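One structure below.
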Amino acid sequence: MRSRFRSLYLLFPLILLFFTLLLWRLQITAGAAYFERSQRSIAQLEPVVAARGKLLDCKGNILAQDQLSWTVLVGEDCDQNVRRRLATLCREAEVDWDGAGDILAPNALLLAWLQEEDLEGVTLSPAVRRQGSGTLAPQLLGRVGAMSQAEWEVYQGQGYALNETVGKDGAEGAFEALLHGSPGVRLVERDRQGQITKRAYAQEPVAGQDVTLTLDSRLQAAARAALVEALEKNPQATGAAAVVLDVRDGGVLAMVSLPDYDTGDFSGQYESLSQDPNHPLLNRAIQGLYAPGSTFKLVTAAAALEEGVVTPETEILDTGRYTYYKTPQPQCWVYREEGRTHGPETLSQAIADSCNLYFYDAGRRLGIQTLDRYAHALGLGECTGIELAGEQAGVVAGPAYTQSLGEKWYEGSVLSAAIGQENNRFTPLQLAHMTATLAGGGTRWQVHLLKKTAGEGYTPQRLGSLDLQGEHLEAIKAGMLAVTQEGSLSGAFRDLPVAAGAKTGSAQVAGAELANAVLVAFAPYEAPEIALAIVVEQGGSGTALGAPAAAILGAYFG
């Protein structure tokens with residue numbers, strides 16, 4: 001035991017001597033060198049913005065992504081020898097620089113040389129810009145921008161840095177939480193001349209997730225081209241919108257709103273865009289409210305069949321003028337325009353001929369409450385659930401809404417409501433949603449843009465169901481098929497590779513010279529996959545939309 005303590009007594013002075021020598025070396029022998037190094041290096045922590053996730057279409061094509069750009073910053077007090085060397089490098093790299101100011105468009109070769117040479121007073125400054133898809137789908141895809149004060153108050157609690165950009169609207173805004181990554185922190189050391197001597201991550205940034213949308217960019221381009229052509233043929237038209245939905249799950253395959261703009265020059269165009277009387281910043285597909293015209297007759301047909309007011313075989317005589325009430329006594333369009341009638345019509349024939357008399361009578365016998373109930377069940381006057389902000393719910397005509405305007409609802413008002421007039425106002429998206437619900441047998445799916453992210457696929461959400469009897473659905477579809485096979489759209493739809501069903505409408509607008517043109521359609525006829533709706537403001541007859549509708553269907557079915 002004593003020998004063990006004796007050993008410890010001898011070891012302790014040796015340990016003490018070691019640390020004394022170590023401190024002497026650090027503070028006396030090498031102290032000046034360490035002090036000089038500390039004066040040479042100035043360490044700073046700087047935030048590093050994480051890469052934003054990409055927006056992809058349903059086939060993996062890039063719709064929006066971050067694009068890194070560089071600027072070569074040349075200090076005002078930069079030595080002339082350095083400037084001459086920099087000018088030489090620019091000439092050899094074929095980069096334009098007049099010797100004054102910063103270099104705004106360096107190429108990869110120049111950047112590589114500058115990183116190697118580390119010229120004093122010359123620094124590389126990175127910047128990230130969001131590269132969009134131009135005019136493909138600007139209102140739908142949206143944009144990113146610096147945070148407003150209100151946004152900063154929300155995002156600062158979520159770990160955002162003040163200098164970060166965020167999704168302002170469209171898909172960029174809807175999926176901000178997925179697209180946005182986690183910023184990092186970088187340690188940067190500089191010498192007394194300001195040159196960087198060391199970079200190291202204190203916390204590495206985590207990139208945002210890529211988001212795959214249901215949008216088909218090829219179909220979107222075809223739909224936009226079809227609507228642009230339709231507007232060119234109708235110079236009096238002030239705007240248009242088209243929506244294509246997947247009947248099977250409510251996915252948005254295409255969504256066009258015209259006029260639109262180029263996302264690449266949004267900032268430069270903003271003032272003129274915001275003052276344009278045709279409102280190019282408005283997404284007409286989800287925010288424009290339009291009378292559906294005769295396309296609403298599909299709702300009246302479904303309600304009349306399901307409530308037993310008519311059967312598929314029931315005939316109603318078109319007498320030209322509906323005289324059940326003393327007033328109003330509205331006319332069928334064919335009697336008003338051509339002085340003739342459709343004669344006795346079944347439901348399928350009435351849809352094909354768009355016979356007003358048939359639907360006046362069916363609507364009166366149903367009553368406004370029942371008619372409204374079916375309209376809501378088919379998705380009209382209801383938000384569709386799409387992730388985009390700003391969707392309008394629309395209006396289903398009825399006593400309560402009319403009275404809210406300080407106007408009087410009359411018993412006979414149900415007649416005009418049954419053919420899509422009165423105060424019925426819906427978005428093109430809702431009209432496509434209604435058509436998809438009917439074509440799909442009554443199942444109303446939540447409309448969605450998200451297809452998948454980080455390997456997680458979207459699960460379709462059922463919003464409701466209208467159990468349409470098979471023979472009733474076939475009677476409605478048969479009427480819509482007749483429109484495209486032998487009716488007003490037969491010429492436009494003749495060369496399609498699949499059979500389709502459709503219904504057109506024209507809705508008069510107060511103060512406008514021409515009515516809004518409306519069309520809804522689905523295809524293929526036997527096993528529906530897609531439904532679409534088109535509205536052209538002051539486009540006249542819905543029949544005029546046969547060509548753009550056929551072009552969109554043709555693009556999808558190839």
Side-chain angles (χ1 to χ4, degrees), residues 46-70 126-148 151-152 154-186 201 203-221 246 249-255 262-264 266-267 283 286 385-390 446-461:
E46 61 180 30
V48 181
V49 176
R52 190 172 178 83
K54 300 183 187 73
L55 283 174
L56 309 171
D57 82 344
C58 64
K59 297 175 182 175
N61 299 308
I62 297 174
L63 299 170
Q65 65 179 333
D66 281 355
Q67 186 175 61
L68 182 65
S69 61
W70 293 86
V128 176
R129 184 171 65 90
R130 193 68 167 170
Q131 180 68 42
S133 295
T135 58
L136 181 68
Q139 299 99 334
L140 182 145
L141 295 177
R143 59 191 175 86
V144 299
M147 282 182 274
S148 65
E151 289 169 331
W152 169 239
V154 173
Y155 287 123
Q156 64 177 327
Q158 300 176 24
Y160 281 59
L162 181 59
N163 64 336
E164 290 188 82
T165 58
V166 297
K168 307 295 280 188
D169 47 34
E172 294 280 14
F175 303 114
E176 170 65 25
L178 297 171
L179 294 166
H180 179 263
S182 299
V185 178
R186 182 166 51 201
Y201 280 115
Q203 177 182 324
E204 291 198 18
V206 178
Q209 299 179 41
D210 291 346
V211 173
T212 300
L213 304 179
T214 56
L215 198 72
D216 183 330
S217 57
R218 185 182 61 83
L219 183 63
Q220 175 76 14
D246 191 322
D249 68 1
V252 177
L253 300 174
M255 179 181 286
D262 190 330
T263 56
F266 178 83
S267 297
N283 187 346
I286 66 169
I386 192 170
E387 299 93 337
L388 301 180
Q446 178 175 321
V447 175
H448 62 98
L449 272 170
L450 181 64
K451 182 178 177 67
K452 67 178 181 179
T453 183
E456 293 280 334
Y458 174 85
T459 301
Q461 304 295 314

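A quick note: this is a predicted structure, and the numbers were derived from the prediction, not measured.
- The heavy-atom pair separating Leu140 from Leu388 by the smallest distance is O-CD2, 3.8 Å.
- In this structure, the side-chain contact (heavy atoms from CB on, under 4.5 Å) partners of Ser182, at least two apart in sequence or on a different chain, are Val206.
- Partners of Glu172 according to the side chain to side chain donor-acceptor pair (under 3.5 Å) rule, which considers only residues two or more places apart in sequence or in another chain, are Arg52, Arg130.
- Residues Ser133 and Ile62 share a closest heavy-atom pair of OG-O, 4.3 Å.
- Every residue meeting the ring-ring contact (aromatic ring centres under 6.0 Å, His included) condition with Tyr458, not counting sequence neighbours, appears here in chain and number order: His448.
- Residues forming a side chain to side chain donor-acceptor pair (under 3.5 Å) with Glu387 (at least two apart in sequence, or on another chain): none.
- In terms of the salt bridge (charged side-chain N to carboxylate O under 4.0 Å, His left out) criterion, residue partners of Asp169 (sequence neighbours excluded) are, by chain and number, Arg143.
- Residues satisfying the side-chain contact (heavy atoms from CB on, under 4.5 Å) test with Ser69, not counting sequence neighbours, are Ala127.
- With sequence neighbours left out, Asp57 forms a salt bridge (charged side-chain N to carboxylate O under 4.0 Å, His left out) with no residue at all.
- Nearest approach of Ala161 to Met147, heavy atoms of both residues: O-CE, 3.1 Å.
- Legend: residues meeting side-chain contact (heavy atoms from CB on, under 4.5 Å) with Ala389, ordered by chain and number and at least two apart, are absent.
- Annotation: salt bridge (charged side-chain N to carboxylate O under 4.0 Å, His left out) contacts of Lys451 (sequence neighbours excluded): none.
- Contacts of Gln131 classified as side chain to side chain donor-acceptor pair (under 3.5 Å), with partners at least two apart in sequence or in another chain: Arg129.
- Heavy atoms only, all atoms of each residue included: Val252 and Val447 are closest at CG2-CG1, 3.5 Å.
- Take Thr165 and apply the side chain to side chain donor-acceptor pair (under 3.5 Å) test, not counting sequence neighbours, and it matches no residue.
- Of all heavy-atom pairs between Leu55 and Ala171, the closest is CD1-CB, 4.1 Å.
- The two residues Glu176 and Gly167 make their nearest non-hydrogen contact at OE1-N, 2.7 Å.
- Remark: Gln158 engages Val154, Tyr155, Tyr160 in a side-chain contact (heavy atoms from CB on, under 4.5 Å) (not counting sequence neighbours).
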